[in-house]
Each structure stands twice: as C-alpha cells, then as structure tokens.
Student: 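Dropping the structure in here first, questions after.
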Amino acid sequence: MDNKIGRLASKKITLLGYVCAILVMLIHSSGYKYFQISEISIGSTFIVNFIDILTDALPQVSVSMFFVISGFLFFNNVSEIEKDTCNKFFKEKYVKRIKTLLIPYILWNTIWMVFIILITYIPAISSKIDSLKLFEPSIINVFKGIFLFEYSGICWYIFFLMIYALLSPLIYYCMRKKYSGIVLLIGSFIICGFTYNNEYLNYLNLFNSLFFYCLGVYLALHHYSFINKEFGNKEITLGLLGCIIAVTYFQILHVSEFIDEAVRVLFICSLWVFMDIFKDVKMKWWLEISFFIYVFHGMTQQCINKIICAVLPNYGKMSALYALINTIGGVLITLALSTILSYILLKYFGNIWNYIAGYRVPKLFNKKEQ
C-alpha cells in the first residue's frame, strides 16, 4: 500500500523549508567580521555570543534538514516500487528534476556569473565585496560558472541533489529493505565522520549530505508513520528541549564530527516534533517561496551587508550592537526583497518564475489573487 503524506506533515515541510531558508541566510550573514569590537564589556560579549548563536549554532540544522526533506520527497507516496513500473517511476522523476533542478541550476549559475562579470570591471564595487571571486575571461571559467557553480556557491546544494537523483535507483536498491537501509545509513555516517575535515575526500560535505539525504529516503520508505504523526504538548516540549540542547552543544562544545552529526540528527527530529506547535497557523503564499529565497539571497545579502557596514560605524562602544543590526538587518532586507520580487514575478511574469524557481508555484498565491 502506498504511503500518503498528511495535511499536517505537508504544512510542516513547507514551514520548515521557509525556516531553514532563513537559517541559511543567517549562515551567510557577515555577522561581526566587518566590525572592530575592541572594547570588551558584558554587553558587547553578550551580543557577540548571540550573533554566534544566530549565525553558527542555530543554523546547524538547516542544510541537513533540507537534504532530509529532499530525500523524503523524492520517494514520497512510495512504499515499494514494482519491478514492472520501476523504469517508469525513475523516468518520471528524472523528467521532473530537469524542470525543478537542472533548469533553475543553470539559470542561477548564469545569472550570478553575469553579475560577477559586470562588477569585475567596476573596481569601486568589486573591491568592496568581501570574498568575491572575480571573473577571469576564459572558456573554462564560463563552463565552470554555468555548470559547476564557480560563481554561485549556494548552488552546490542543487548540484548534489541532481547527483542523488541520478543515483536514486542505486540508493533505492540499497534502502528498499529496512536492514540494508540501516547499513547504508551507518556506513555513510561513519565515512562522514572520518572524511569531514579532509577537503579531498569530502568535497563540499559530500558524505555529510549523502547521510542526511539517505535518512530522508529511509523515512519515506520505512517510517512514514513518524512523519504523519501528530504530537501532543508533552512531546512538543521535549522537541523544544532537544532543540535547545543541540544549539547549546554547537555553541560551546563541537567535540567531534561523529558527535556533531548525531546531535544534528537529534536537532532534526526535535525540530520536526516541535513544529507541531504551529499546526493551527494559517498558511500564507510567501511561506512557499523557500527555494527562491535560497537561490536569490547569496550575493544579494552580501551586497546589502556591505551597504549597511558602509552606513554604520564599524568601531567604538556601539560596534557590537551595529554588528547585530547588520546581521539581522541584512537578513530581513534580503527576505523582504525576495518576497517582493517573488510577488512581481508570480503576478506578472509567471513563465520567468517557473524557469528560475523550478515550477514551484505557491499553491496559495492563486487563491490570494482570486
């Protein structure tokens, strides 16, 4: 019998997508690195620690959760693929991923490469944007820019989703049985722990993302009941406690990668349970634009942070507070721009939206317009 995702679980996935998109924005916020916080006081120390929580400890769950959700949704509504329909199933998935992953991946890589090309020849701008990889004219760099996210680092996530989509028959074969799936999960977890700090063996956290993607696949194939379960107040409280423990660990410990990954699993499960507290929240269309926020925010937010830094003093007694304003303000302004641009594209340029957002049209947008 096929598994079907419930209304509450669907709502939680949408909400988590939006929350995790904001957490990724916090990761990419400049924080206090542009500010000279020389005066040590109780207030400035508290603010610096708070910024660390916002930009490092709290977002530890974000990308891992994205991979879990992606792996889960790939095999959503499937308990077992029949032999005679196996080829059809994966063919349909590949065709769909061309629209939802490959096309927006190429477009956003191209958009940000063109942006980099333009500002490369404006030194007054390029010199002001930190960690900017300038464009050097060559066919290889154009190829790397369009297909290997050379100038759009945030697209690494989409790149690996496409790889896992291509590997989906193999992943399914290994995980279709409960115990063989556990073996794959344990294997990828162990490899992740041993290779995490090796830049050659774990390029862009390959094994880290594989583990969490497979965790999502495993949940879709074998533990759908957990996904559809509605949790009570006691469990929601425990979920909140688990989130607090995870954030505290990432803020003050970071013992080893093995323990880090185990705590991320705790964080993911706890956050999933805690999200039931929002079960009665009325959904809005802008909660469904997490993909667009993700692909749009990178360079946009970096530019906004630099503008804020140019306006605010970067030294003195108030520098820690200004750094916090820069952190939160950059995220809020970028989020507002993402929402406004999404509305304009959805309302007036639907075809463009479909291409750059992978045909992810908010279900509630059309209802809003009626």
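Computed over heavy atoms, backbone and side chain alike; hydrogens, waters and symmetry mates excluded.
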Student: Could you report the tightest heavy-atom contact between Gly71 and Val217, atom names first, then the distance?
Tutor: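 Here Gly71 and Val217 meet closest at O-CG2, 3.6 Å.
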Student: Just how far is it from atom CG of Leu8 to atom CD1 of Ile227, taken to the nearest 0.5 Å?
Tutor: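 Here the rounded value is 11.0 Å.
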Student: Hey, what do you get for CG (Asn326) to CG (Leu321), rounding to the nearest 0.5 Å?
Tutor: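 The CG atom of Asn326 sits 11.5 Å away from the CG atom of Leu321.
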Student: So, Glu288 and Arg360, do they make that salt bridge, N to O below 4.0 Å?
Tutor: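 Here Glu288 does not pair with Arg360 in a salt bridge, since their nearest N and O are not under 4.0 Å apart.
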Student: Is it the case that atom CZ in Phe50 sees more than 12 heavy atoms from other parts of the structure closer than 6.0 Å?
Tutor: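 Not buried by this count: 12 neighbours or fewer within 6.0 Å.
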Student: Using the rule given for ring pair (Phe, Tyr, Trp, His ring centres under 6.0 Å), can you reason through Tyr224 versus Phe72, listing the C-alpha separation, both sets of side-chain angles and the distance that settles it, and then say yes or no?
Tutor: CA-CA 9 Å; Tyr224 224 94; Phe72 174 81; 5.2 Å; yes
Student: Is any side-chain heavy atom of Ile307 closer than 4.5 Å to one of Ile333?
Tutor: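 Not in contact.
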Student: Evaluate whether atom OH of Tyr315 has more than 12 neighbouring non-hydrogen atoms of other residues, nucleotides or ligands under 6.0 angstrom away.
Tutor: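 Check fails, neighbour count at 12 or below.
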Student: Would the distance check show the side chain of Asn228 and the main-chain N or O of Ile5 forming a donor-acceptor pair, the cut-off being under 3.5 Å?
Tutor: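 The answer is no, because no donor-acceptor pair under 3.5 Å joins these two groups.
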Student: Using the six-membered ring wherever Trp is involved, compare the ring planes of Tyr355 and Tyr359 and label them parallel, tilted or perpendicular (cut-offs 30° and 60°).
Tutor: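 Correct class here is perpendicular.
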Student: Hydrophobic cluster membership, with links at side-chain heavy-atom distances under 4.5 Å among I/L/V/M/F/W/Y: are Leu107 and Val114 in one?
Tutor: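 Leu107 does not cluster with Val114.
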Student: List the steps and the verdict of side-chain contact (heavy atoms from CB on, under 4.5 Å) for Tyr218 and Ile171.
Tutor: CA-CA 10 Å; Tyr218 189 81; Ile171 292 174; over 6 Å; no
Student: Looking only at the side chains, is there a donor atom on one of Ser180 and Tyr173 sitting less than 3.5 Å from an acceptor on the other?
Tutor: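 No donor-acceptor contact under 3.5 Å links the two side chains.
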Student: Is the Trp112 to Phe149 ring centre distance short of 6.0 Å?
Tutor: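 When the ring centroids of Trp112 and Phe149 are compared, they turn out to be at least 6.0 Å apart.
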Student: Looking only at non-hydrogen atoms, find the nearest pair between Met113 and Asn141 and report the distance.
Tutor: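 For Met113 and Asn141, the tightest heavy-atom pair comes out as SD-O, 4.2 Å.
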Student: Enter the distance from Tyr151:OH to Phe115:CZ here, rounded to the nearest 0.5 Å.
Tutor: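 One finds 14.0 Å between OH of Tyr151 and CZ of Phe115.
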Student: I need the Ile252 CD1 to Ile53 CD1 distance, nearest 0.5 Å.
Tutor: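 Going from CD1 on Ile252 over to CD1 on Ile53, the span is 10.0 Å.
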Student: Could you give me the CA-CA distance, side-chain angles and deciding distance for Ser209 and Tyr157, then say whether side-chain hydrogen bond (donor to acceptor under 3.5 Å, both in side chains) is met?
Tutor: CA-CA 9 Å; Ser209 60; Tyr157 166 72; over 6 Å; no
Student: Are the side chain of Ser62 and the backbone N or O of Pro59 linked by a donor-acceptor pair below 3.5 Å?
Tutor: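 Here the side-chain-to-backbone pair exists.
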Student: Could you work out, with side chain to side chain donor-acceptor pair (under 3.5 Å) as the rule, every residue matching Ser225, not counting sequence neighbours?
Tutor: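 Expected list: none.
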Student: Report yes if some heavy atom in the side chain of Leu240 is under 4.5 Å from a heavy atom in the side chain of Ser270; otherwise report no.
Tutor: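 No; the side chains remain at least 4.5 Å from each other.
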Student: Does CZ in Phe89 sit with more than 12 non-hydrogen atoms of other residues, nucleotides or ligands closer than 6.0 Å?
Tutor: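 Count over threshold, so yes.
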Student: For Glu150, enumerate each residue passing the salt bridge (Lys or Arg N to Asp or Glu O under 4.0 Å) test, keeping only those at least two apart in sequence or located in another chain.
Tutor: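 Scan of Glu150 (salt bridge (Lys or Arg N to Asp or Glu O under 4.0 Å), adjacent residues dropped) gives Lys133, Lys144.
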Student: Nearest 0.5 Å please: distance from the CD1 atom of Ile268 over to the SG atom of Cys20.
Tutor: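 Rounded to the nearest 0.5 Å, the CD1-SG separation comes out at 8.5 Å.
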Student: Is there a side-chain contact between Asp260 and Phe250, using heavy atoms and a 4.5 Å cut-off?
Tutor: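 Side chain of Asp260 against side chain of Phe250, heavy atoms only: contact under 4.5 Å found.
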Student: Answer yes or no: does atom NZ of Lys93 have more than 12 heavy-atom neighbours from other residues, nucleotides or ligands under 6.0 Å?
Tutor: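 Enclosed: over 12 neighbouring heavy atoms sit under 6.0 Å from NZ of Lys93.
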Student: Can the ring centroids of Phe75 and Tyr172 be said to lie less than 6.0 angstrom from one another?
Tutor: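 Centroid distance Phe75-Tyr172: below 6.0 Å, so yes.
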Student: Give a yes or no on whether the backbone of Leu185 and the side-chain of Ser188 come within a donor-acceptor separation of less than 3.5 Å.
Tutor: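 Confirmed, Ser188 side chain pairs with Leu185 backbone.
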Student: Could Arg264 and Glu257 be called an ion pair, given the rule that one side-chain N must be under 4.0 Å from one carboxylate O?
Tutor: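 A salt bridge links Arg264 with Glu257.
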Student: Taking Phe35's backbone N and O only, do any of them form a donor-acceptor pair with Asn314's side chain (distance below 3.5 Å, no angle check)?
Tutor: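 Not at all, since once roles are kept as given, no pair shorter than 3.5 Å links the two residues.
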Student: Angle between ring planes, Tyr164 versus Tyr213, binned at 30° and 60°: parallel, tilted or perpendicular?
Tutor: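 Tilted: the ring planes of Tyr164 and Tyr213 meet at 30° to 60°.
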Student: If Ile, Leu, Val, Met, Phe, Trp and Tyr residues are connected whenever their side-chain heavy atoms lie under 4.5 Å apart, and connections chain through other members, are Phe267 and Ile245 in the same group?
Tutor: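 No, because Phe267 and Ile245 fall into different hydrophobic clusters, even though each may have its own neighbours under 4.5 Å.
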Student: Of all residues at least two apart in sequence or in a different chain, which pass the side chain to side chain donor-acceptor pair (under 3.5 Å) check with Glu235?
Tutor: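 Testing Glu235 for side chain to side chain donor-acceptor pair (under 3.5 Å), a comparison that skips the adjacent residues, returns Lys229.
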Student: Between Thr334 (side chain only) and His297 (backbone N and O only), is there a donor and an acceptor less than 3.5 Å apart?
Tutor: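 A pair under 3.5 Å: no.
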Student: Look only at the side chain of Lys11 and the backbone of Met283, and say whether a donor-acceptor pair between them is shorter than 3.5 Å.
Tutor: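 A pair under 3.5 Å: no.
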Student: Check whether the ring centres of Trp353 and Phe292 lie less than 6.0 Å apart, and answer yes or no.
Tutor: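 Close enough - the centres of the two rings lie under 6.0 Å apart.
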Student: Is any side-chain heavy atom of Phe231 closer than 4.5 Å to one of Phe274?
Tutor: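 Contact flag for Phe274/Phe231 side chains = no.
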Student: So does Phe135 get a backbone contact from the side chain of Thr120, meaning a donor-acceptor N/O pair under 3.5 Å?
Tutor: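 Yes: the side chain of Thr120 pairs with the backbone of Phe135.
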Student: So, taking the atom named OG1 in Thr327 and the one named CD1 in Ile51, what distance separates them when rounded to the nearest 0.5 Å?
Tutor: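 The OG1 atom of Thr327 sits 4.5 Å away from the CD1 atom of Ile51.
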Student: Below 4.5 Å, heavy atoms only, C-beta onward: do Leu324 and Leu54 meet side chain to side chain?
Tutor: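 Side chain of Leu324 against side chain of Leu54, heavy atoms only: contact under 4.5 Å found.
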Student: What's the shortest heavy-atom distance between Arg176 and His222, and which atoms?
Tutor: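 Nearest heavy atoms, Arg176 then His222: O-CE1, 3.0 Å.
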Student: Same hydrophobic cluster for Val311 and Leu337, using side-chain heavy-atom links shorter than 4.5 Å among ILVMFWY?
Tutor: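 Val311 does not cluster with Leu337.
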Student: Counting N and O atoms only, with roles assigned by atom type, does the side chain of Ser10 sit under 3.5 Å from a partner on the main chain of Arg7, one being a donor and the other an acceptor?
Tutor: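 Flag not set: sc Ser10 to bb Arg7 has no pair under 3.5 Å.
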Student: Dump the intermediate steps for side-chain contact (heavy atoms from CB on, under 4.5 Å) on Phe74 and Ser168, then the final yes or no.
Tutor: CA-CA 9 Å; Phe74 192 95; Ser168 57; 3.4 Å; yes
Student: Give the C-alpha distance, both sets of side-chain angles, the deciding distance and a yes or no for side-chain contact (heavy atoms from CB on, under 4.5 Å) between Thr100 and Phe291.
Tutor: CA-CA 10 Å; Thr100 60; Phe291 180 87; over 6 Å; no
Student: Any idea how Phe67 and Trp156 line up, ring-wise: parallel (<30°), tilted (30 to 60°), or perpendicular (>60°)?
Tutor: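 Judged by the thresholds at 30° and 60°, the geometry between Phe67 and Trp156 is tilted.
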Student: Is Asn305 close to Ser29 at the side-chain level, that is, under 4.5 Å between some pair of heavy atoms?
Tutor: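 Yes. Closest side-chain heavy atoms under 4.5 Å.
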Student: Would you say that more than 12 heavy atoms from the other residues, nucleotides or ligands in this model lie under 6.0 Å from the CD1 of Ile140, or not?
Tutor: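 Incorrect, the count does not exceed 12.
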Student: Do the numbers put Lys363 on top of the ring of Trp285, so that NZ or CZ is under 6.0 Å from the six-membered ring centre and no more than 45° off the axis?
Tutor: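 No, cation not above the ring by the 6.0 Å, 45° rule.
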Student: Can you check whether Leu166's main-chain N or O pairs, donor with acceptor, with Tyr94's side chain at less than 3.5 Å?
Tutor: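 Yes; at least one donor-acceptor contact below 3.5 Å.
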Student: Tyr343 and Phe365: aromatic ring centres closer than 6.0 Å?
Tutor: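 Yes, the ring centres sit under 6.0 Å apart.
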Student: Using the side-chain contact (heavy atoms from CB on, under 4.5 Å) rule, take His28 and Ile154 through it: C-alpha gap first, then chi angles, then the decisive distance, then the call.
Tutor: CA-CA 10 Å; His28 296 148; Ile154 55 175; 3.6 Å; yes
Student: With side chains defined as the heavy atoms from C-beta onward, is the minimum distance between Tyr179 and Lys177 less than 4.5 Å?
Tutor: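 Answer no - side chains too far apart.
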